[in-house]
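Convention: sequence-line order gives letters A, B, ...; per-chain numbering from 1.
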2 protein chains.
Amino acid sequence: MQMDERKRKILRAIVLDYIATAEPIGSRTIARKFDLGVSPATIRNEMADLEDLGFIEQPYTSAGRIPSDAGYRYFVDCLMDPQVLSEEEKETIERESTKRIHEIQEVISHTSRLLSELTNLTSLVLGPQKGKSTFGKMHFLPYQPGQVIMVIVKENGAIENHIIDVGENITVEDLQHVAGVFNQKMRGYSLGQVKRSLLHEIYGELSRQRQLIDNTMDMLREILSDNEEEERIYLGGTLNMLNQPEFRDLGKVKTLFKVFEENEPLKKLLHPHHEGLNVTIGGENTLKEFRDCSVISATYKVNGLTIGAVGVLGPTRMDYAKVIAIVDFMTRSLAEVLARGKPRGY
Amino acid sequence: MQMDERKRKILRAIVLDYIATAEPIGSRTIARKFDLGVSPATIRNEMADLEDLGFIEQPYTSAGRIPSDAGYRYFVDCLMDPQVLSEEEKETIERESTKRIHEIQEVISHTSRLLSELTNLTSLVLGPQKGKSTFGKMHFLPYQPGQVIMVIVKENGAIENHIIDVGENITVEDLQHVAGVFNQKMRGYSLGQVKRSLLHEIYGELSRQRQLIDNTMDMLREILSDNEEEERIYLGGTLNMLNQPEFRDLGKVKTLFKVFEENEPLKKLLHPHHEGLNVTIGGENTLKEFRDCSVISATYKVNGLTIGAVGVLGPTRMDYAKVIAIVDFMTRSLAEVLARGKPRGY
DNA sequence: TGTTAGCACTCTCCCTCGATGAGTGCTAAC
DNA sequence: GTTAGCACTCATCGAGGGAGAGTGCTAACA
């Protein structure tokens with residue numbers, strides 16, 4: 001048995017209606033709502049075929065049909081009318097993206113909020129991967145007696161400062177000397193790359209300031225370690241899930257929200273199978289908690305380099321066309337923002 | 001009608017049982033579970049009195065009784081056995097608090113997590129109020145061509161850095177001069193306090209670096225404005241609410257979680273009526289969303305100065321004795337941690 | 001051969017009804 | 001003042017039945 005034009009039309013009708021109403025739909029209703037020019041009986045026959053093909057299923061005997069994961073997949077791949085955003089929506093996104101932005105955090109939280117507001121679903125945003133956390137330059141500034149501020153500029157432009165104890169009898173010259181040696185020896189290295197020999201050299205040149213060096217190295221270790229914290233995924237609009245009829249069950253809500261508190265599963269959800277836009281439907285998700293959910297995700301690039309991803313999580317019964325359009329537009333807008341005014345910190 | 005010893009015993013039994021089971025309790029069950037030496041009928045009479053006094057109520061005719069807000073209040077004020085934490089619990093808290101802590105953020109998130117884990121309720125933590133954000137000292141460091149890093153040390157010890165554009169033709173001497181003037185004129189002032197005359201002076205002395213001054217002032221305005229962001233309340237264990245039978249209703253969950261997303265209502269919840277430990281029961285909360293909830297909150301001090309507050313939010317039917325003990329112990333532990341190794345940023 | 005009308009059948013949903021049981025308030029006896 | 005007895009109330013639960021939506025099958029039709 002093969003798909004023909006009429007079967008396609010009927011499948012399309014079923015998916016569209018189910019997305020809109022969340023109710024199983026029967027042959028009679030299809031005939032009434034969608035003008036297919038055939039009687040309910042004919043539609044019934046076709047529906048039996050579509051069920052054999054695995055595209056639709058019945059929650060129970062003599063209920064209407066609902067799309068299966070495969071049905072949604074076929075719909076997304078072959079049946080869906082690509083949608084363009086309304087001017088209003090485009091404007092909302094662009095208005096946000098023209099705001100001046102200082103910190104990468106702000107970009108992420110804006111994006112996340114916008115995505116969830118526009119889709120009424122939950123948004124996932126993976127910020128730009130930090131550039132390699134390699135040592136750029138170091139400065140010391142006076143702070144309290146016995147303490148100095150160590151300012152580290154990484155090669156990716158991020159700046160961090162920490163206070164370190166130096167003891168009372170360190171002079172400004174000592175500090176300048178230490179900073180000078182570090183700046184000369186360590187530029188471009190991450191801490192993992194600092195070889196023993198290099199350490200040796202540093203300790204050799206700075207034997208007098210032993211304790212200062214130790215403290216400095218401790219801090220550097222912390223700052224330059226590729227902190228996995230950075231890969232945190234930002235969630236937005238989790239409460240929107242509560243509005244979905246498929247989450248009327250408190251147990252489901254609980255397991256879902258529990259997963260939201262962890263980072264790893266979300267990362268898995270967002271990590272793309274390939275570059276560009278991904279649609280993952282229901283059981284295609286590896287995690288069983290999300291077998292009723294779909295994810296539309298997309299990576300974004302700056303200067304031809306993929307640096308992050310955004311996504312939208314919703315029930316399998318989501319408005320794919322619309323969400324895809326939003327995610328697509330959003331990644332473009334985001335890439336633009338990042339390319340234009342490179343915010344600090346990545 | 002007055003409370004007597006037997007009425008007190010019965011009220012205590014009702015509250016204790018309802019806290020444990022979340023089920024209305026009847027005279028027969030009280031007689032069976034609690035050995036009061038009187039028959040159910042006697043208890044019934046007393047319960048009628050307690051209802052007249054407003055301490056208990058019936059969800060519907062011929063159901064058992066449950067404590068009213070006033071009943072809980074009487075219980076907390078007069079009937080409750082103060083509880084001491086188990087050694088195990090004390091140890092858990094103290095183990096956490098001996099960890100070395102760098103950032104105030106970490107202290108807050110630890111506290112929040114611990115509180116919600118120990119109580120199985122939702123925790124609220126208001127971090128130490130930042131000290132006055134007055135200008136301490138300023139440094140400039142080289143960054144990119146045309147940009148410098150401005151490092152601001154506030155008088156409360158917090159350090160922030162920002163990048164500002166300076167144009168190509170600024171020399172190191174110019175920068176030093178600017179920093180010098182600011183350091184001399186502005187120490188100890190918050191931005192609101194910078195008088196026109198002072199600004200005048202600064203502009204007068206630095207007329208050559210007009211643009212740099214403008215940019216610097218912009219940044220300072222941002223950094224020194226008493227950012228209300230700082231007063232954010234940290235929530236922990238919000239999901240614990242889902243385990244409470246009183247939130248089996250999805251509608252309630254939704255409104256509750258919606259409030260959780262805002263800051264102002266939570267602040268109101270936590271802001272103490274008086275120093276030390278506060279118990280706010282049900283309708284005593286001003287917000288209607290929390291009329292089924294109670295809050296145990298407490299302020300904490302460092303050097304005799306109240307600097308923040310923690311709290312636990314749960315259904316009115318919570319184990320007051322235990323939660324009070326935990327919150328109390330926690331604030332002490334927190335004060336200790338903060339007094340010992342003063343983390344940066346407040 | 002594909003399409004359609006008719007029809008019996010199935011299954012959920014919702015309402016009603018009665019039994020059950022917990023708990024009460026009242027009364028009268030102790 | 002306390003207690004036993006009793007009639008009464010009301011939520012909960014399960015069974016039963018009607019309504020309604022939808023199906024699959026069959027036979028007639030183009």
Out of C:dT3, D:dA4, C:dA5, whichever nucleotide has its closest atom nearest the side chain of A:Ser39: C:dA5
Shortest side-chain distance from A:Glu51, nucleotide among C:dG25, C:dT4, D:dG24: D:dG24
d(OH, B:Tyr60; P, C:dG23) in whole Å: 9 Å
Check: A:Ser62 side chain, D:dT23 base, donor-acceptor under 3.5 Å: no
Selected nucleotide, minimal atom distance to B:Arg44 side chain, candidates C:dC26, C:dC11, C:dC7: C:dC26
Presence of A:Arg28 side-chain N/O under 4.0 Å of D:dT23 phosphate oxygens OP1/OP2: no
Watson-Crick/G-U partner (both atom distances under 3.5 Å) of C:dC17: D:dG14
Flag for B:Glu89-B:Ser86: side-chain donor and acceptor within less than 3.5 Å: yes
Options D:dT3, C:dT4, C:dT24, nucleotide nearest the side-chain atoms of B:Met47: C:dT24
Verdict with reasoning, A:Arg317 to A:Asp292, per salt bridge (charged side-chain N to carboxylate O under 4.0 Å, His left out): CA-CA 9 Å; A:Arg317 185 194 60 77; A:Asp292 296 332; over 6 Å; no
Derivation and outcome, salt bridge (charged side-chain N to carboxylate O under 4.0 Å, His left out), residues B:Asp4 and B:Arg8: CA-CA 6 Å; B:Asp4 56 32; B:Arg8 270 192 277 274; over 6 Å; no
Nucleotide forming a Watson-Crick or wobble pair with C:dC30, both distances under 3.5 Å: D:dG1
Donor-acceptor pair between A:Tyr320 and A:Ser294 side chains, under 3.5 angstrom: yes
Nucleotide forming a Watson-Crick or wobble pair with D:dT26, both distances under 3.5 Å: C:dA5
Salt bridge (charged side-chain N to carboxylate O under 4.0 Å, His left out) evaluation trace for A:Arg113 with A:Glu117: CA-CA 6 Å; A:Arg113 193 172 44 71; A:Glu117 273 175 17; 3.4 Å; yes
A:Ser27 side-chain N/O to D:dG22 phosphate OP1/OP2 under 4.0 Å: no
Rounded distance in Å - NZ (A:Lys33) to P (D:dG22): 10 Å
Donor-acceptor pair present, B:Thr61 side chain and D:dT9 base, under 3.5 Å: no
D:dG22 OP1/OP2 closer than 4.0 Å to side-chain N/O of A:Thr29: yes
Touch class at under 4.0 angstrom, heavy-atom based, for B:Ala41 against every strand present: base
